[in-house]
Protein chains: 2
Amino acid sequence: MALAGSEPAALPQYTPTTPAGRRVLDAASRLFYDRGINSVGMDLLAEEAGVTKKTIYDRFGSKEILVAAYLYRRDRYWREWLTGRLDPDAPAGERILATYDALDEWLHHENPRGCAMVNATVEITDPDHPGRAVVRSQKQWMRELYADMAREAGLDEPDAAGGTLLILGEGATTAFSSAGVEEAARLARDTAARLYGL
Amino acid sequence: MALAGSEPAALPQYTPTTPAGRRVLDAASRLFYDRGINSVGMDLLAEEAGVTKKTIYDRFGSKEILVAAYLYRRDRYWREWLTGRLDPDAPAGERILATYDALDEWLHHENPRGCAMVNATVEITDPDHPGRAVVRSQKQWMRELYADMAREAGLDEPDAAGGTLLILGEGATTAFSSAGVEEAARLARDTAARLYGL
DNA sequence: TGGTAACCACACCGGTCGGTATACTTGAGC
DNA sequence: GCTCAAGTATACCGACCGGTGTGGTTACCA
């Protein structure tokens, strides 16, 4: 299902095995998303996780890797959450529309600051940062997911349709989180439906 | 043309009158956009502007205000640039499509990191930051611009159409800068054209 | 001629940044 | 009983953060 090109290199550090390591990643996920990656220092993170800085560096090695682990885990969760909301027995057209229903729920419950991957590309300027590969892979996966569904639904030019459906999703997310358009995901859904007669 | 609700309070500090002040804002505009607001310190900024830190604080008072001035100036420039590319004698439908042509050029020339307003909301978490008002006003202005053109073009439910057209613009910008979709703005244009028969 | 605004250079402030070093404790497995 | 991994606590590092204070120079303007 998931193509090679949309799989980031999953370093062992990305999925901590010790209790303290998991607590660090839990706290990091919350803090990085809510306050921004660059606004969260390692001292604060250690305090919030109930852990010493030494432990963080023993488990993850650097903030860069911890950030990548945070993005990797969020990406996994998003893929699981989204696909879990797409009925595999439903027609492809319905599954396409369901992605926007899922997005609407995602944004209104717990994710008002939009897409963590997009936010990370804004905060991370270094092109060699390990987090960039995670972001790239999620966006590629989303585009391929849409293109596959478009193909299955028998749409003309399914690759272009995949790009358009991705744009609608990204646009709804940004319009919601940056422009305050509460109904953005619903608008995107209606647009996709009208556009392709779904 | 520009409505009251989409005009931010234009503090005097937002438009510097002295040569050194202008050099600071020039350097800030470049650095903040390219490297991110939080990644640019005042020492670096002073050096790049060929100015002492004292001068920056004499002119602007704080980094917060300088950031707001940077956003304010970019917003002004964007509004001017965009409206300059919309032929007032052309039918509204054509003007709608022209916004995506303008966006395509905007992104490919000098603005590969996407929308500075969106990027700022990611980096700024403080809800009282003066830059937030600037961002809010630009997004409101864009939405009203689209809704007005939709109304003039005789589209059904012009307010909803305005939201959808905004989503297409935001989506194209994000898909371009975060997902690497080079043809995003062109796809958004084609989508708007098909959607509303333009 | 004497203010005054707009700069310059430079030193300084407390606080935080990512990251490291040293030394100690706890608990499970051989 | 010993080892070893996973923790703890605490102190430290140089660099940088946003921001200030002092004192001097230049040029225009009343």
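Quick note on labels: first sequence line is chain A, next is B, and so on, each numbered from 1. No hydrogens, no waters, no symmetry mates; every other heavy atom, side chains included, goes into these values.
Of the side-chain N and O atoms in A:R23, none sit less than 4.0 angstrom from OP1 or OP2 of D:dG7.
Across the protein-nucleic acid pair, A:D43 atom CG and D:dA9 atom P stand 14 Å apart, rounded to whole Å. Look at CZ on A:R22: it is 12 Å from C1' on D:dA6, rounded to the nearest Å. Computed from coordinates, the B:F60 CZ to D:dG18 C1' distance equals 16 Å when rounded to whole Å. Protein atom CG of B:L44 is 7 Å distant from nucleotide atom P of D:dC17, rounded to whole Å. Here the P atom of nucleotide D:dT8 and the CD atom of A:E47 are 13 Å apart, to the nearest Å. Whole-Å rounding puts the B:L45 CG to D:dC16 P distance at 16 Å.
Geometrically, B:R186 does not engage B:Y100 in a cation-pi contact, judged by NZ or CZ lying under 6.0 Å from the ring centre and within 45° of the ring axis. Because its NZ or CZ atom is not both nearer than 6.0 Å to the ring centre of A:W81 and within 45° of the ring axis, A:R79 does not count as a cation-pi partner of that residue. Because its NZ or CZ atom is not both nearer than 6.0 Å to the ring centre of B:Y14 and within 45° of the ring axis, B:R73 does not count as a cation-pi partner of that residue.
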List, one per line, each side-chain donor-acceptor pair under 3.5 Å for residues 87-95 of chain A, sequence neighbours excluded.
from, atom 1, to, atom 2, distance (Å)
A:D87, OD1, A:D89, N, 2.9
A:R95, NE, A:A90, O, 3.3
A:R95, NH2, A:E152, OE1, 3.1
A:R95, NH2, A:E152, OE2, 2.6

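Counting 5' to 3', DNA chain C first comes under 4.0 angstrom of a heavy atom of chain B and last does so at the ends given by C:dA6 to C:dA9.
Residue A:I167 comes nearest to B:A188 through the heavy atom pair CD1-N, 4.4 Å, listed as atom of the first residue, atom of the second, then distance. Heavy atoms only, all atoms of each residue included: A:Y196 and A:A161 are closest at OH-CA, 3.5 Å.
Between B:E144 atom CD and B:R151 atom CZ the span is 9.5 Å, to the nearest 0.5 Å. Atoms OG1 and CE, on B:T99 and B:M142 in that order, are 6.5 Å from each other to the nearest 0.5 Å. Between atom CZ of residue A:R59 and atom NZ of residue A:K54 there is a gap of 8.5 Å, rounded to the nearest 0.5 Å.
Comparing A:S39 and A:G61, the nucleotide of DNA chain C nearest to each residue sits closer to the 5' end for A:S39. Heavy-atom distances to DNA chain D give each of B:G41 and A:D58 a nearest nucleotide, and the one nearer the 5′ end belongs to A:D58.
Across all strands shown, B:T18 has heavy atoms under 4.0 Å from sugar-phosphate atoms exclusively, and none from any base. Contacts of B:V24 with the nucleic acid, taken as non-hydrogen atoms under 4.0 Å apart, are absent.
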Indicate for each nucleotide in nucleotides 21-30 of chain D, in 5' to 3' sequence, whether protein heavy atoms under 4.0 Å reach the base (B), only the sugar-phosphate (S), or nothing (-). BB--------
